[in-house]
Amino acid sequence: MTENETTQFKPSLKLMDATMLVAGSMIGSGIFIVSADITRNVGSSGWLLVVWLLTGFMTLTAALSYGELSAMFPKAGGQYIYLKEAYNPLISFLYGWSFFTVIQTATIAAVGVAFAKFTAYLVPALSEDLVAIDLGFFTISPAQLLAIGVIILLTYINNRGVNGGKIIQTSFTVAKLLSLFGLIAFGLFFLDKGIWKTNWENMWALGPLSSDGSIGSYTTFAAFGAIAAAMVGSIFSSDSWHNVTFIAGEIKNPARNIGLSLALGTIIVTVLYILTNVMYTGVLSLNEIAHADKDRVAVSAANHIFGTAGTIIIALMIMISTFGCNNGLIMAGARVYYSMAKDGLFFKKVGTLNKNAVPGFGLWIQCIFACLWCISGKYGDLLDMISFVVVMFYMLTIFGIFILRKKRPDANRPYKAFGYPVLPIIYILMGLAFCILLIIFKPKFTWPGLIITLMGIPVYYLIKGGIVRQELKTKDRVDVKG
């Protein structure tokens, strides 16, 4: 260890900070956009809310289940550690591999570009439609450059210690929660009774919504597929709640505060999301929700509520939301790579802490990869594809509770999963149904993400082979000396 490194994380985050990390990492730009695609798939206001309620139930159930694991293993790395303890190093590596290659880094890129896109409402010169750099074989827009700049800035701040990231996370999350509640309150106050009545007259019709406002019909089986496809967007919007588990080593009284922050954060966001969609149905027709310009439902709603100033209001809200969201993603993600490096499954340097007691090298590796996704412009496609893999790992982790109850019946469990075994089983069954329906009806959302994950298997064995060879060389040198 050099004078610029330390060996231990500093517990600096209180319950409030942890809860704001949960809520702030969940709320990015999705709630302002994805209701358009959901409405196109399900066709009615009732089923729009059902999709969000199902997603909220799954998210809260998973969070309450993770509370048991976080209390048992209050260590940096969170879900990676849980999978290793319940299964084996290969399963946890596959999670870490997909997390680094796509799940976390592509999400950071997508949230960064969302920040830039809405900044362009205020500064048109930063538009994604303009060209800042033309290299012939591909171009880079001002929006992509701004996204990269924000990612680098937040990485630099978090590299200087957890306190800087904590201040940004808490202040920006409080700001976005208050602004969302404000938008909901104004929307419900200026609710259009005619639109509300029309939207809720045929609330349980289920079918694809066409551009003329008519609702088609599904067969019973296809209806389940449509709901699963619709949930891709709501699950993406509700994801990253588990980021707080990655940063367990820096939370005070983690055995208590991680589980509690997971519950509080997911409840707050779920209630906000449902109320936001209720508000949408009170100010916009279903056709306006489904076919909002570039799917920006919140912009359409704000324009109905505030007039032309609505666009600026939503742009500022999304800038605050995405900036705070990315801070949480960047802060927490590097702790997974740190734990992988400690197991010899990532670059050795990533498993060290800098003088500020944070995994600085891991933060910068993550930054580089996220910036490359920004330049590629393919992060959006990958995030659609990865929802399947995200839910798959959630199911594996929650099933791990059953495995650990059997393998380690006498282990210390300061908190036990709420509703065990019923709620965890319900989550696993719902997740399994979601994944199977996506495989059948939306294969483009499943196979690419699964292939990326499975590509980690040969990588794992190559790394393990290298470790074994290194150990043999070390043993031979010791034997020769002896």
Side-chain angles (χ1 to χ4, degrees), residues 9-32 107-108 111-112 114-116 118-119 121-122 146-147 149-186 237-248 250-252 254 257-258 260-273 276 298 312-335 356-358 363 366-367 370:
F9 288 109
K10 295 178 180 178
S12 306
L13 306 178
K14 299 178 182 178
L15 176 61
M16 172 70 170
D17 304 313
T19 302
M20 292 301 99
L21 179 58
V22 175
S25 297
M26 290 175 71
I27 306 172
S29 60
I31 186 58
F32 302 97
T107 301
I108 290 169
V111 173
F115 171 87
F118 283 89
T119 304
Y121 274 109
L122 308 180
L146 178 58
V150 168
I151 292 168
I152 292 172
L153 172 64
L154 289 172
T155 300
Y156 172 76
I157 292 170
N158 280 280
N159 187 61
R160 293 179 62 82
V162 74
N163 283 328
K166 175 181 74 174
I167 292 169
I168 290 175
Q169 192 63 31
T170 300
S171 57
F172 273 77
T173 301
V174 168
K176 79 169 83 173
L177 291 175
L178 291 175
S179 60
L180 255 178
F181 274 120
L183 179 65
I184 292 165
F186 274 102
S237 301
S238 303
D239 196 25
S240 298
W241 50 267
H242 62 311
N243 272 349
V244 72
T245 69
F246 305 148
I247 204 165
E250 289 139 290
I251 295 175
K252 295 179 180 180
N257 286 340
I258 295 177
L260 196 51
S261 66
L262 282 167
L264 291 172
T266 52
I267 289 170
I268 290 169
V269 174
T270 297
V271 170
L272 261 178
Y273 281 2
T276 300
I312 295 174
I313 291 170
I314 292 298
L316 289 170
M317 284 180 62
I318 294 180
M319 287 170 65
I320 292 169
S321 181
T322 50
F323 191 85
C325 178
N326 241 357
N327 179 74
L329 296 173
I330 289 167
M331 178 197 294
R335 276 64 177 176
N356 301 313
V358 297
L363 282 163
Q366 175 182 256
C367 173

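Just the heavy atoms: all of them, side chains too, but no hydrogens, waters or symmetry mates, feed the values below.
- Residue Ile318 comes nearest to Ala114 through the heavy atom pair CG2-O, 4.5 Å, listed as atom of the first residue, atom of the second, then distance.
- In this structure, the separation between OG1 on Thr170 and NZ on Lys14 is 10.5 Å, given to the nearest 0.5 Å.
- Between Phe323 and Ile168 the shortest side-chain heavy-atom distance falls below 4.5 Å.
- At a threshold of 4.5 Å between non-hydrogen side-chain atoms, the residues Leu180 and Met317 count as touching.
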Item to check | Met26 vs Thr266, side chain to side chain contact (heavy atoms under 4.5 Å, CB included): CA-CA, chis, key distance, verdict | outcome: CA-CA 8 Å; Met26 290 175 71; Thr266 52; 4.0 Å; yes
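- For the residue pair Ala116 and Ala147, the shortest heavy atom distance occurs at CB-N, 4.2 Å.
- When every heavy atom of Leu329 is checked against every heavy atom of Ser240, the shortest pair comes out as CD2-OG, 3.4 Å.
- In this structure, the separation between CZ on Phe172 and OG on Ser179 is 11.5 Å, given to the nearest 0.5 Å.
- A side-chain donor-acceptor contact under 3.5 Å links Asn327 and Asn158.
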Item to check | Test side chain to side chain contact (heavy atoms under 4.5 Å, CB included) applied to Leu183 and Ile313, step by step | outcome: CA-CA 9 Å; Leu183 179 65; Ile313 291 170; 5.6 Å; no
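- Summarising the geometry of Ala370 relative to Ile108, their closest heavy-atom pair is CB-CG2, 3.8 Å, with the distance given to 0.1 Å.
- Scanning both residues, Ser12 and Lys166, for their nearest heavy atoms gives O-NZ, 3.4 Å.
- Here the side chains of Thr322 and Asn326 are not in contact, with every heavy-atom distance at 4.5 Å or above.
- We find the OG1-CG distance between Thr19 and Leu260 to be 6.5 Å, quoted to the nearest 0.5 Å.
- Here OG1 of Thr245 is found 9.5 Å from CG of Leu21. Values are rounded to the nearest 0.5 Å.
- The shortest side-chain heavy-atom distance between Met20 and Leu177 falls under the 4.5 Å cut-off.
- In this structure, the side chain to side chain contact (heavy atoms under 4.5 Å, CB included) partners of Asn257, at least two apart in sequence or on a different chain, are Leu15, Ile251, Asn253.
- Between atom OG1 of residue Thr155 and atom CE of residue Met331 there is a gap of 11.5 Å, rounded to the nearest 0.5 Å.
- Scored by the side chain to side chain contact (heavy atoms under 4.5 Å, CB included) test, Thr119 finds Phe115, Leu126, Leu146, Met319 as partners (sequence neighbours excluded).
- Side-chain contact check for Asp239 versus Thr107: every heavy-atom pair is 4.5 Å or farther apart.
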Next on the checklist: Under the criterion side chain to side chain contact (heavy atoms under 4.5 Å, CB included), I'd like the reasoning laid out for Lys252 against Leu13: C-alpha separation, chi angles, the key distance, then a yes or no.
Outcome noted: CA-CA 6 Å; Lys252 295 179 180 180; Leu13 306 178; over 6 Å; no
Next on the checklist: Applying side chain to side chain contact (heavy atoms under 4.5 Å, CB included) to Cys367 and Ile152, what does each step give before you reach the verdict?
Outcome noted: CA-CA 7 Å; Cys367 173; Ile152 292 172; 3.8 Å; yes
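- Side-chain contact check for Ser238 versus Tyr273: some heavy-atom pair is nearer than 4.5 Å.
- In Tyr121, the OH atom is crowded: over 12 heavy atoms of neighbouring residues, nucleotides or ligands sit closer than 6.0 Å.
- Listed by chain and number, the residues in a ring-ring contact (aromatic ring centres under 6.0 Å, His included) with Phe32 amount to none (sequence neighbours excluded).
- Counting only distance, with no hydrogens or angles, the side chain of Lys176 and the backbone of Ile27 share a donor-acceptor pair below 3.5 Å.
- For the pair Gln366/Ile330, a side-chain contact is recorded, criterion being any heavy-atom separation below 4.5 Å from C-beta on.
- The side-chain heavy atoms of Val22 and Val269, taken from C-beta on, include no pair separated by under 4.5 Å.
- With respect to the salt-bridge test (charged N to carboxylate O, under 4.0 angstrom), the residues Glu250 and Arg335 qualify.
- Pro254 and Ala248 get closest at one heavy-atom pair: CB-O, 3.8 Å.
- Distance alone, capped at 3.5 Å, places no donor-acceptor pair between the Thr270 side chain and the Ile267 backbone.
- The OG1 atom of Thr173 sits 11.0 Å away from atom CD1 of Ile320, with the distance rounded to the nearest 0.5 Å.
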